[in-house]
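What follows is a set of notes on a single structure, which appears directly below.
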Amino acid sequence: MFNKLSREFYERDPITVSIELLGKLLVRRTKEGEIVGRIVETEAYIGPYDKASHAYRNKKTKRNFVQFGERGHAYIFRVYGMHHCFCVVVGQKYIPAVALIRSVEPVKGIELMKISRGVKNDVPVTGLTNGPSKLCQAFGITEELNGIDLCGDDIFISEGDSKPFEVGRSRRIGIDYAEEYKDVLWRFYEENNEFVSKKVKE
DNA sequence: CGACCGATCCTC
DNA sequence: AGGATCGGTCGT
């Protein structure tokens, strides 16, 4: 039914993996049911030299230690004291690097997503998962899942269909503090997809 | 040990 | 444009 991505998929160049994650399916299995979204927007963060990365200068902390571990595990962190972001540890082991999943297009479990997001049943589906913290809320992803292996069965990423699409790229969102790294084009998205979180120049 | 602030979202 | 909300991180 699903064709789960292998460990080897994640053990490649972080930029390449971030691009190739577009169009893949994020799958979450809960007791309430299965939730699936098609990944339409990602960002790459490469710890050793990227000033926007939580692991800049290879600094290992209580928050970011998962980035230094096995590839294909989930790095989940809290932002603004109330929201979560979901990343995949990628790249050469054991260099800290991740692909941040910024937006997905709902595929299955839309009713569950609406309940988790706390929105009324008649709201448009476009606002459900178009942002890193929105999709975490929709998928029930919290820091309890930090470090979980995406090669397992509770949450994983699968091959999608092979329909072609155009890849857009831009600066990353919300990292104005990152000096010379705030302008690198490490945000990737599917062109003309209405579930991409926001338009950015360049 | 205290102060600062964010890989965001929502409402005004 | 501004508030919510809190733990990690860093400076003292």
For residues A:Y189 and A:S170, determine if any side-chain heavy atom of one lies less than 4.5 Å from a side-chain heavy atom of the other.
-> yes

Look at the side chain of A:M82 and decide which nucleotide, out of B:dT8, C:dA4, C:dG8, has an atom nearest to it.
-> C:dA4

Select one nucleotide: of B:dG6, C:dC6, B:dT8, the one nearest the side-chain heavy atoms of A:P132.
-> B:dT8

To the nearest Å, how far apart are A:I101 CD1 and B:dA7 C1'?
-> 13 Å

dist A:L21:CG -> A:T16:OG1 (nearest 0.5 Å) comes out at 10.5 Å

With A:D154 as reference, evaluate A:L145, A:I148, A:D149, A:T30 under the side-chain contact (heavy atoms from CB on, under 4.5 Å) test and give the passing residue.
-> A:I148

Determine the interplanar angle of the A:Y181 and A:W186 rings, folded into 0 to 90°, and report it as parallel if under 30°, tilted if 30 to 60°, perpendicular if over 60°.
-> tilted

What is the distance from OH of A:Y80 to P of B:dT11, rounded to the nearest Å?
-> 18 Å

To the nearest Å, give me how far apart CD (A:E41) and P (B:dA7) are.
-> 16 Å

Mind checking whether A:N64 and A:Y75 have side chains closer than 4.5 Å, heavy atoms only?
-> yes

Listed nucleotide nearest any side-chain atom of A:R117, set B:dC10, B:dC9, C:dT9 = B:dC10

Using a cut-off of 4.0 Å on non-hydrogen atoms, how would the nucleic acid contact of A:Q67 be classed: base, sugar-phosphate, or nothing?
-> base

Sugar-phosphate only, base, or nothing, as touched by A:H84 at under 4.0 Å among non-hydrogen atoms = nothing

Tell me which nucleotide among C:dC6, B:dT8, C:dC10 gets nearest to the side chain of A:V79.
-> B:dT8

Any A:R63 side-chain nitrogen or oxygen under 4.0 Å from OP1 or OP2 of C:dT9 = yes

OP1 or OP2 of B:dA7 sitting under 4.0 Å from any side-chain N/O of A:Y177?
-> yes

Row check, A:F86 ring normal vs A:R28 NZ/CZ: under 6.0 Å, within 45° = no

Could you give the CG-to-C1' distance, from A:L135 to B:dC9, as a whole number of Å?
-> 13 Å

Could you state the atom-to-atom distance from CD1 of A:I46 to C1' of B:dA7 in whole Å?
-> 14 Å

Who pairs with C:dG7 - Watson-Crick or G-U, where each distance is under 3.5 Å = B:dC5

In whole angstrom, give the distance that lies between atom NE2 of A:H54 and atom P of C:dC10.
-> 11 Å

Which nucleotide in the set C:dT9, B:dT8, B:dG6 lies at the smallest distance from any side-chain heavy atom of A:T61?
-> C:dT9

Sorted by position of nearest nucleotide on DNA chain B, 5' first, the leading residue of A:G81 and A:S133 is A:G81

Can you tell me how far C1' of B:dT8 sits from CD1 of A:I173, to the nearest Å?
-> 11 Å

State whether the aromatic ring of A:F77 stacks on the base of B:dA7, taking stacking to mean ring centres under 5.5 Å apart and ring planes under 30° to each other.
-> no

A:Y56 has an atom OH; how far is it from atom C1' of B:dG6, in whole Å?
-> 18 Å

Among B:dC10, B:dA7, C:dT9, which is the nearest nucleotide to the side chain of A:K62?
-> C:dT9

At under 4.0 Å between heavy atoms, what does A:I175 touch on the DNA or RNA strands: base, sugar-phosphate, or nothing?
-> sugar-phosphate

Between C:dT9 and A:K59, is there an OP1 or OP2 to side-chain N/O distance shorter than 4.0 Å?
-> no

